[in-house]
Amino acid sequence: MLNAGSVVATSFTSAIFPYMSRLFEESKVTFQKINLQIMKYILVIILPGIISISYLADWLIVLLYSDLYIDSIPVLKVLIWVVVPIFLNPYLSHILFARGEQRKALLVAALTLVFYIPITFWFISQWAAIGAAWAFLTALSVAFGLYFVLVLGMKGAVQTLLNFGRIAFAAACSALLITALKDTHPVPLLGSALVLYTLLLLLFRVPSPRDIGFIREMAGRGIHQVGKIMGRVCF
């Protein structure tokens with residue numbers, strides 16, 4: 001599941017990178033606005049999936065690997081949150097590439113590796129498999145924080161996180177609904193949670209008509225690029 005998310009994230013970023021590079025040369029203000037919009041809607045799209053998989057972790061593990069692997073259920077519940085930096089980190093690094101700041105991206109990779117190796121040994125020695133999952137999530141989160149500050153600056157990063165808080169709040173309310181009604185059948189429960197999530201996003205004015213048009217354009221670019229990649233792989 002994580003590998004699938006990585007493929008989609010990489011394909012999407014590769015698809016729009018030429019557009020990002022041209023836009024940076026044409027208008028740095030528009031370049032910044034569009035990047036914020038893309039990151040916002042990446043969160044809007046992936047958070048419901050993450051919450052749903054976390055809720056269905058018990059069922060998914062048994063379905064895919066049988067009940068012999070039930071000890072990996074808590075590992076999946078941690079690792080599924082890696083999807084957030086898996087999607088955002090490549091995009092943030094390509095923003096630096098488009099700005100001609102490749103050295104900063106290399107610096108983030110080096111610092112993350114230096115951080116990841118010791119905490120992996122420590123976390124695994126303390127908490128075994130669940131420790132390995134937390135170490136991976138922590139390292140990618142650190143990388144995300146470094147990318148975020150390098151791309152937006154400290155003040156811009158704080159302001160953007162506050163703006164993204166509306167999305168996080170909507171997702172948290174959906175998660176609380178699922179937790180409160182966890183004994184309900186999954187289909188109506190997840191459907192109700194998605195409806196609540198959507199209504200809260202609309203209430204907080206996260207999407208706008210202009211945003212929706214932009215999403216369609218970016219999704220079209222991403223789907224086209226994924227189709228080209230799959231065509232090359234298959235044929």
Side-chain angles (χ1 to χ4, degrees), residues 5 9 12-13 16-17 19-21 23-24 26-51 54 78-116 119 134-176 196-208 210-212 214-215 218:
F12 175 77
T13 303
I16 64 173
F17 177 65
Y19 171 71
M20 293 165 58
S21 299
L23 186 60
F24 179 71
E26 294 170 1
S27 174
K28 293 178 175 58
V29 173
T30 305
F31 173 80
Q32 189 79 341
K33 288 182 179 179
I34 287 181
N35 286 327
L36 291 175
Q37 292 291 85
I38 290 176
M39 287 188 286
K40 177 174 73 173
Y41 284 106
I42 286 175
L43 283 177
V44 166
I45 293 169
I46 66 176
L47 283 179
I50 291 171
I51 293 170
S54 181
V78 174
L79 276 182
I80 192 58
W81 289 96
V82 171
V83 171
V84 174
I86 278 179
F87 268 83
L88 290 177
N89 287 2
Y91 189 80
L92 288 166
S93 68
H94 278 68
I95 293 177
L96 294 176
F97 295 163
R99 291 176 3 187
E101 299 174 358
Q102 290 85 346
R103 291 185 179 180
K104 291 183 179 180
L106 180 61
L107 177 62
V108 172
L111 291 175
T112 302
L113 181 62
V114 170
F115 174 78
Y116 180 49
I119 69 163
W134 275 112
F136 189 44
L137 176 58
T138 303
L140 289 188
S141 299
V142 168
F144 168 74
L146 293 172
Y147 278 129
F148 210 60
V149 171
L150 288 174
V151 167
L152 298 173
M154 183 59 71
K155 183 177 179 180
V158 171
Q159 183 61 48
T160 302
L161 286 176
L162 291 175
N163 291 335
F164 287 173
R166 295 175 296 170
I167 304 170
F169 181 77
C173 289
S174 300
L176 287 174
L196 175 62
Y197 179 69
T198 303
L199 290 175
L200 288 174
L201 291 178
L202 294 174
L203 178 64
F204 298 150
R205 298 182 179 179
V206 173
S208 67
R210 184 177 180 181
D211 290 345
I212 294 172
F214 175 72
I215 292 171
M218 292 297 102

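Reckoned from all heavy atoms, side chains included, excluding hydrogens, waters and symmetry mates. This chain uses plain numbering: 1 for the first residue, then up along the sequence.
Within 6.0 Å of CZ on Phe169 lie no more than 12 heavy atoms contributed by other residues, nucleotides or ligands.
For Lys33 and Phe31, the positive end is not near the middle of the six-membered ring at less than 6.0 Å and at most 45° from its axis.
The distance from atom CG of Leu111 to atom CG of Leu107, rounded to the nearest 0.5 Å, is 4.5 Å. For the atom pair CZ of Phe24 and OG1 of Thr30, the computed distance is 12.5 Å after rounding to the nearest 0.5 Å. Between Leu43 atom CG and Met39 atom CE the span is 9.0 Å, to the nearest 0.5 Å. The CD1 atom of Ile16 sits 9.0 Å away from atom CD1 of Ile34, with the distance rounded to the nearest 0.5 Å.
Identified under the salt bridge (Lys or Arg N to Asp or Glu O under 4.0 Å) test for residues 88-100, with sequence neighbours left out: Arg99-Glu101.
Considering only heavy atoms from C-beta on, Leu137 comes within 4.5 Å of Trp134 through its side chain.
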Show which side-chain atoms of residues 143-165 pair as donor or acceptor with protein atoms under 3.5 Å away, not counting sequence neighbours.
unit_1, atom_1, unit_2, atom_2, d
Gln159, NE2, Asn163, OD1, 3.4
Thr160, OG1, Gly156, O, 2.7
Asn163, ND2, Gln159, O, 3.4

What side-chain donor-acceptor pairs closer than 3.5 Å can you find for residues 81-92, not counting sequence neighbours?
unit_1, atom_1, unit_2, atom_2, d
Asn89, ND2, Leu140, O, 3.2
Tyr91, OH, Asn35, OD1, 2.6

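A donor-acceptor pair under 3.5 Å links the side-chain atoms of Thr13 to the main chain of Ala9, judged by distance alone. Side-chain atoms of Ser174 come within 3.5 Å of backbone atoms of Ala170 as a donor-acceptor pair (strictly under, hydrogens ignored).
Here the shortest heavy-atom pairing between Arg166 and Val206 reads CB-CG2, 4.3 Å. Taking both residues in full, the closest heavy atoms of Ile119 and Ala135 are given as CD1-O, 3.6 Å, listed atom of the first, atom of the second, then distance. The minimum heavy-atom distance linking Phe97 with Ala105 is given by the pair CE2-CB, 3.5 Å.
Contacts of Tyr116 classified as ring-ring contact (aromatic ring centres under 6.0 Å, His included), with partners at least two apart in sequence or in another chain: none. Not counting sequence neighbours, the partners of Ala171 by the side chain to side chain contact (heavy atoms under 4.5 Å, CB included) test are Leu47, Ile51, Tyr197. In terms of the side chain to side chain contact (heavy atoms under 4.5 Å, CB included) criterion, residue partners of Leu202 (sequence neighbours excluded) are, by chain and number, Thr198, Pro207.
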